[in-house]
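Quick note: numbers below take in every heavy atom, side chains included, and nothing from hydrogens, waters or symmetry partners. Residue numbers start from 1 in every chain, and the chains themselves are labelled A, B, ... in the order their sequence lines are given, proteins ahead of strands. Just so it is clear, the structure is predicted and the values come from calculations on it, not from any experiment.
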4 protein chains.
Amino acid sequence: MEQKPIPMTGAEKRRTARISQILDAAAHCFVEMGFHRAGMAKIAARAKMSPGHIYHYFESKEAIIAAIVDRESARAAERFAEFDAVDSTELASVMTERAVQSIAEKTDILQSVLNMEMLAECQRNPEIACIIHKHDRYVRDQLTHLIRDKLGLDLAEARTDMMMVQFSGLANRLLRNPDLDLQNMVVLMRQTMMSILSPTIGHEAK
Amino acid sequence: MEQKPIPMTGAEKRRTARISQILDAAAHCFVEMGFHRAGMAKIAARAKMSPGHIYHYFESKEAIIAAIVDRESARAAERFAEFDAVDSTELASVMTERAVQSIAEKTDILQSVLNMEMLAECQRNPEIACIIHKHDRYVRDQLTHLIRDKLGLDLAEARTDMMMVQFSGLANRLLRNPDLDLQNMVVLMRQTMMSILSPTIGHEAK
Amino acid sequence: MEQKPIPMTGAEKRRTARISQILDAAAHCFVEMGFHRAGMAKIAARAKMSPGHIYHYFESKEAIIAAIVDRESARAAERFAEFDAVDSTELASVMTERAVQSIAEKTDILQSVLNMEMLAECQRNPEIACIIHKHDRYVRDQLTHLIRDKLGLDLAEARTDMMMVQFSGLANRLLRNPDLDLQNMVVLMRQTMMSILSPTIGHEAK
Amino acid sequence: MEQKPIPMTGAEKRRTARISQILDAAAHCFVEMGFHRAGMAKIAARAKMSPGHIYHYFESKEAIIAAIVDRESARAAERFAEFDAVDSTELASVMTERAVQSIAEKTDILQSVLNMEMLAECQRNPEIACIIHKHDRYVRDQLTHLIRDKLGLDLAEARTDMMMVQFSGLANRLLRNPDLDLQNMVVLMRQTMMSILSPTIGHEAK
DNA sequence: CATGAATGAGCTTTCATTCAT
DNA sequence: GATGAATGAAAGCTCATTCAT
């Protein structure tokens, strides 16, 4: 998951650029029409390429979908990496800000749509499932490490998952309630994040 | 949203049964293949009907999708109605149980897939958006009423949305992490629910 | 082609009325959409009848088309019958007036559309051809009789056909040139009609 | 309406040839079955092409119909161009010969069927109407110019339309009366043409 | 007599993919 | 590498006709 800067030849660079072009076009089309309504012709047109040529880089449309799922998951995972550097007392706040911030922009609603497509596909296509689970495990491992080793908390895996419930739950909520009052949500979200990271769990409660 | 038992004629009963047949078949196919990959032919075959005959009951495939979205949203809303009868001191616990319980069954993962499809479509199709937002508003109104009038809490709308973040977030989480440890999650979830319903918010925190 | 007033029973009257209802609806739909795009369902709806019930009166859609062709041709033939009573010196004028008058109304443009459909179908369907030729022969016989016996002219068949060229040609012209100046056309048409009915033909000319 | 011989690339030639192939096939099928009964599958088969590929050249079946209407109308217009070179004293004779000649062949009956389809469609589809009216205006302009400037006659527009009444009227007549005696018709037609082009109109008459 | 549910073939159109150039 | 012509199966949908009620 880490980028080792192996130098590329010109041809390789060109190839990578081409692939990015295709994936960008595909992502756009998938958001706009869904995986299965977006035609190769439209993707090709957006990528400024002939439909036939796409098959020099991808074996099939399924392969493009898989590549998109991989790229988007990797990008999401990357965004979690920055929490590593955060001071432990501020983690809840930083995460809250991040969660709220990330849905405050229009771009992220589109991102959410792509995520919905990915998760739906994930239940049907084992290859997609594998990619998604892989990235999720990576993110969880990072976060769990943070929570267990840096914050010294128990139930680290469960707390991790619960943190992540907040992220995806918030994105989901915005889709269903477009009038969501983020102003007030942020207060509740911060309290919730802190509650999840509270050392005393299952002790005082009940 | 209430069921008034108006007696039906034989023809009406038959019609309603046929429509149910179609919607059941469609829901199944949509889960299995997605809205846009599920062909009318397959839906028809599952509904034990000729493809042409479906058009006696639905104007188009889009109309079937809309009907499915409406039906599923209504069913989800119904499930929230039972919280009305819950004693206020137990609300957090009941909701937690409900949230965890509802994702513990295989049926609900399929339900989640349908939800993903619906939310993706919601960003593309204004008619679908309208249906989803309508049902979400209804559920929120119920829950807000509960929180404000029965529990006497402020920030009722925000707390409502935050509660619902937990439900959809949890369902989402299970799709990404199929090994989710529900056992431990339930503890955290109950604490989170209680935290959201805690009278002191934004006061002690910070 | 003549109406002998045989008294009808109530049931027969009802039947005739039903058939008229269907033919009126069909004619309307055929004008609006063409023979092969007008669906039985639409015809049935316009005739305020169930689709199935139409088959009590007509064996097939083809039979309805044939009946329409028959009825419309018969009506057109009827309109020619009134020329019988016209004074021979006025025939050209009366026919001119009739020809121009008949296309001056909107109704007759629709009539023309139906005629176009009929003539196109006539080249494909022998049964339709038979009906059209039968009525045309009837009209020609009448007109030829008039020209030969009342006006005492030679070449009666050819003159008849030439007269009829004017009728259909004028209707055709209006479809292609909707700005047709009828005011001036009427002068030319009268002269043409008179020329066709002129006793000296092939004699002075050339 | 004039042909400028711009040289074509190989690809352009191929494209033009393909389009001709489709239009020829379509014209054949339209004559045989009518616009709306001729299926794309049959047109494709006749054009020796897959059904799907037709959509590389035409947006829809409607577009093919429009192209056919345009091509046939243009061809018909072209045929009128030759009258320009005719000596004014012979115009009536030449036109008569042309009118009679053009319907004497089987090809032109088929042409007539296509014309019927076109005129029927013209009343339903504004785009088709526009194409037909455009070509008709072009032909009329040519003929009016001839009659007014070369023959020096008044009422040029009306005479033009009246000439054209003869052409379409004759074609129409042959469809209704397949036993039409062309031998005798030609005499009457020549006299009629001359009558229409006679300098004294509305003067002696009446 | 009258309905409208039901069928299944056929309609126009789209689409992933291949391949000659 | 790059094109876009070409395919053929499948998509959503329509329609003439039948038949149980």
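When all heavy atoms of B:Ile128 and B:Ala66 are compared, the closest pair comes out as CD1-CA, 3.7 Å. The two residues B:Cys122 and B:Ile132 have their closest heavy-atom pair at CB-CD1, 3.6 Å.
Contact check on A:Asp24 versus A:Arg71 returns a salt bridge, with a Lys/Arg side-chain nitrogen under 4.0 Å from an Asp/Glu carboxylate oxygen. A salt bridge between C:Arg15 and C:Glu12 is absent, with no side-chain N of the basic residue lying under 4.0 Å from a carboxylate O of the acidic one.
Projected onto DNA chain E by closest heavy-atom contact, C:Lys48 and B:Ile54 fall at different nucleotides, the more 5' of which corresponds to C:Lys48.
Shown here are the salt bridge (Lys or Arg N to Asp or Glu O under 4.0 Å) partners of B:Glu62, two or more places apart in sequence or in another chain: A:Arg37. Partners of D:Tyr57 by ring-ring contact (aromatic ring centres under 6.0 Å, His included), not counting sequence neighbours, listed by chain and number: D:His53. Among residues two or more places apart in sequence or in another chain, the salt bridge (Lys or Arg N to Asp or Glu O under 4.0 Å) test is passed with D:Glu127 by none.
Of all the residues in residues 12-33 of chain C, C:Arg14, C:Arg18 reach under 4.0 Å from DNA chain E with at least one non-hydrogen atom.
Contact annotation: B:Tyr57 does not reach the phosphate of E:dA5 (side-chain N/O to OP1 or OP2, under 4.0 Å). In this structure, A:Ser50 does not reach the F:dG4 phosphate: none of its side-chain N or O atoms is under 4.0 Å from OP1 or OP2.
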Legend entry - Dot-bracket encoding of pairs in DNA chain F, which uses [ ] for pseudoknotted crossings and | for another strand, Watson-Crick or G-U under 3.5 angstrom: .||||||||||||||||||||
Shorter than 3.5 Å, N or O on both sides, protein versus nucleotides 16-20 of chain F: list them out with atom names.
residue	atom	partner	partner atom	Å
F:dA16	OP1	C:Ala38	O	3.3
F:dA16	OP1	C:Lys61	NZ	2.7
F:dA16	OP2	C:Met40	N	2.5
F:dT17	OP2	C:Tyr55	OH	2.9
F:dT17	OP2	C:Lys61	N	2.8
F:dT17	O5'	C:Tyr55	OH	3.4

Inset, instruction - For side chain to side chain donor-acceptor pair (under 3.5 Å), just list the numbers for B:His36 and B:Glu121, CA-CA rounded to whole Å, side-chain angles, deciding distance to a tenth of an Å, and then say yes or no. - result: CA-CA 10 Å; B:His36 301 305; B:Glu121 202 63 12; 3.2 Å; yes
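Across all strands, A:Phe58 comes closer than 4.0 Å to no nucleic acid atom at all (heavy-atom distances).
Here the straight-line distance linking atom CD1 of B:Ile65 with atom CD1 of B:Ile131 works out to 10.5 Å at 0.5 Å rounding. Taking CG of C:Asn125 as the reference point, atom SG of C:Cys130 lies at 10.5 Å (rounded to 0.5 Å).
Between the NZ atom of D:Lys42 and the C1' atom of E:dA9 there is a distance of 13 Å, given to the nearest Å.
The residue from A:His28, A:Gln21, A:Glu32 that alone fulfils the side chain to side chain donor-acceptor pair (under 3.5 Å) condition with A:Arg46 is A:His28.
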